[in-house]
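First the proteins, then the strands, lettered A, B, ... as listed; each starts at 1.
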There are 2 protein chains.
Amino acid sequence: METLLPKFDSVFSVDCVIFGFQANELKILLIERNQEPYKGRNALPGYIVKDDESIDDAAERILYELTGLRGLHMEQFHTFGDVDRHPQGRVITVAYYALIRIDGHNEVKPVTNFARSAFWHPVNKLDKLPYDHSKIFETGFQKIRRRLSYQPIAFELLPEKFTLTQLQTLYEAILNKKLDKRNFRKKMLSYGFLKELDEKQKGVSYRAATLYRFDRRKYNKIFQNELNING
Amino acid sequence: METLLPKFDSVFSVDCVIFGFQANELKILLIERNQEPYKGRNALPGYIVKDDESIDDAAERILYELTGLRGLHMEQFHTFGDVDRHPQGRVITVAYYALIRIDGHNEVKPVTNFARSAFWHPVNKLDKLPYDHSKIFETGFQKIRRRLSYQPIAFELLPEKFTLTQLQTLYEAILNKKLDKRNFRKKMLSYGFLKELDEKQKGVSYRAATLYRFDRRKYNKIFQNELNING
DNA sequence: AGATAAGGTGTAATCTTTACACTAAGTAAT
DNA sequence: ATTACTTAGTGTAAAGATTACACCTTATCT
């Protein structure tokens, strides 16, 4: 009654595009590889899935091993399966992205020695990455750009308390275009999910801006799931 | 210098959610399996990827073998990789969807004997499917629903010449809500990519409607890529 | 006290969306 | 040929959203 599955030597892996925002720049997390091929080169954090873990679980584990980051909500966005994408054999890779507040996660450090180091790198100063990682990054970047226009993902990149100018700068970094200050504020505040705090920015050498917090509870009440922000 | 890849017995497969539109109903293509497990059950067309073909190529080949359909533009939408999703071992599957005009492809017929038959089935009368195919279908359906609001994918489901009422009915079937006739027409025509033909519907027992054609050349000129249709 | 740098604010014009109901044209039946 | 039936096809006003645009305020620094 059983029919055997055909088998061949194949491997699947996970690659991660982890976005962060720091010093008004959008960044992603890279590792310096400590293994052939491409030893010494910078690449996306990625590794092989084990046979007894789901790919979602693998994504979490691999990110932890290569960067020390834990418990991120990662979202799968595409699977890359060209025959020759890996020089050592048939490897298809499932790509994930996540958005993270860099502050507090500034120090990232591999737990295994597959990577020599991990670090944040500005997205608009990326060199060519090994394998098809440049393509993977580009695809992921497109996905979050699109998603930004219908879901409040920006807040995952900001500190818990942020100014409206920070929020706008982040939108501008992702969408890669300038937005009008008054219109941006009007629209953001009109949604009703930003809570104005009784607190001002500290440590700036000019007028301090009011801090806001994203109120997810209100957001969920107001929208089932959708926004529409196009600048 | 080389580092060996860890290997284990794993397989990757492709599953297809092929949408069609017929008799004012949205349908998908199912096969009747002719092999264990689930012999005799209806399932999504899907099979194992070969070691020397890309997953995109595999999707095309597998769809052809199971349904006789060829040369469709298929779009990958998600990869399912839970450990226990397949009763015979570790199989991760990459899911694809495509949209197709049923007319002319009404007769679908497997080329291999892995499937006993293939047929169109209305999406709102689907029973539970084997493996995690119900979940795969739902995910794919969500994706095209979202995509409908920013890309002109509806025209891939309609005959080359269609009436505005047919177009509206299709939108209603995918979005699962009623749209206002006047507003729908106004908006669709305002885009400027529908070409009104000098031809009327034939064989109807009431006033015949004007036929239209989707003008992709104009569409590409007008939009780089985006629409926004939300009913 | 003055210079500097960002924070914060309103309005009018245009465009888009929504809600809504009747006549026109063709076919079928008598 | 009249009538009944069924779908095609059409316009407008009100409300809401988007855009474009410039100056005063507040804090810090010297």
Legend entry - Cationic tip of A:Arg145 above A:Phe141 ring, under 6.0 Å, 45° of axis: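 Verdict for A:Phe141: a cation-pi partner in A:Arg145.
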Legend entry - Side-chain N,O (B:Arg185) to OP1/OP2 (D:dG9) below 4.0 Å: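 Checking D:dG9 against B:Arg185, a side-chain N or O does come within under 4.0 Å of OP1 or OP2.
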Inset, instruction - Give, for atom CG of B:Leu179 and atom CZ of B:Arg185, the distance between the pair rounded to the nearest 0.5 Å. - result: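 Rounded to the nearest 0.5 Å, the CG-CZ separation comes out at 12.0 Å.
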Inset, instruction - Working to the nearest 0.5 Å, report the span between CG of B:Leu164 and OH of B:Tyr212. - result: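 OH of B:Tyr212 is found 4.5 Å from CG of B:Leu164.
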Legend entry - Closest-nucleotide ordering on DNA chain D, the 5'-leading residue of B:Thr163 and B:Arg182: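 So the residue in question is B:Thr163.
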Given atom [atom1] of [X] and atom [atom2] of [N], what is their separation to the nearest angstrom?
X: A:Leu189; N: C:dG10; atom1: CG; atom2: P; value: 12 Å
X: B:Leu164; N: D:dT10; atom1: CG; atom2: P; value: 9 Å
X: A:Glu196; N: C:dG8; atom1: CD; atom2: P; value: 8 Å
X: A:Phe184; N: C:dT9; atom1: CZ; atom2: P; value: 15 Å
X: B:Lys181; N: D:dG9; atom1: NZ; atom2: C1'; value: 6 Å
X: A:Phe162; N: C:dG7; atom1: CZ; atom2: P; value: 14 Å
X: B:Lys178; N: C:dA19; atom1: NZ; atom2: P; value: 16 Å
X: B:Asn183; N: D:dT12; atom1: CG; atom2: P; value: 14 Å

Which of these nucleotides, [options], is closest to any side-chain atom of [X]?
X: B:Ala209; options: C:dT9, D:dT26, D:dA8; answer: D:dA8
X: B:Lys186; options: C:dA5, C:dA19, D:dA8; answer: C:dA19
X: B:Asp180; options: C:dA25, C:dC20, C:dG10; answer: C:dC20
X: A:Lys187; options: D:dT19, C:dG7, D:dT18; answer: D:dT18

Legend entry - First of A:Lys200 and A:Ser205 reached from the 5' end of DNA chain C, by closest nucleotide: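 First, find each residue's nearest nucleotide; the 5'-ward one identifies A:Ser205.
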Inset, instruction - Indicate whether the side chain of A:Asp15 and that of A:Tyr47 have a donor and an acceptor atom separated by less than 3.5 Å. - result: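 A:Asp15 vs A:Tyr47: no donor-acceptor pair found between side chains.
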Legend entry - Electrostatic pair A:Glu75:A:Lys143 at N-O distance under 4.0 angstrom: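 Not counted as a salt bridge, because no side-chain N and carboxylate O are separated by less than 4.0 Å.
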Inset, instruction - Indicate yes or no: does A:Glu32 engage A:Arg41 in a salt bridge with an N to O separation below 4.0 Å. - result: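 No salt bridge links A:Glu32 with A:Arg41.
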Legend entry - Pair of N/O donor and acceptor under 3.5 Å linking C:dG26 base with B:Arg207 side chain: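 No.
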Inset, instruction - Find the bend of the helix from C:dA1-D:dT30 to C:dT30-D:dA1 as the angle between its two terminal axes (five pairs each), to the nearest 10°. - result: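 Answer rounded to 10°: the end axes differ by 10°.
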Legend entry - Whether B:Asp82 side chain and B:Arg85 backbone form a donor-acceptor pair below 3.5 Å: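 Side chain of B:Asp82 to backbone of B:Arg85, a donor-acceptor pair under 3.5 Å: no, none is there.
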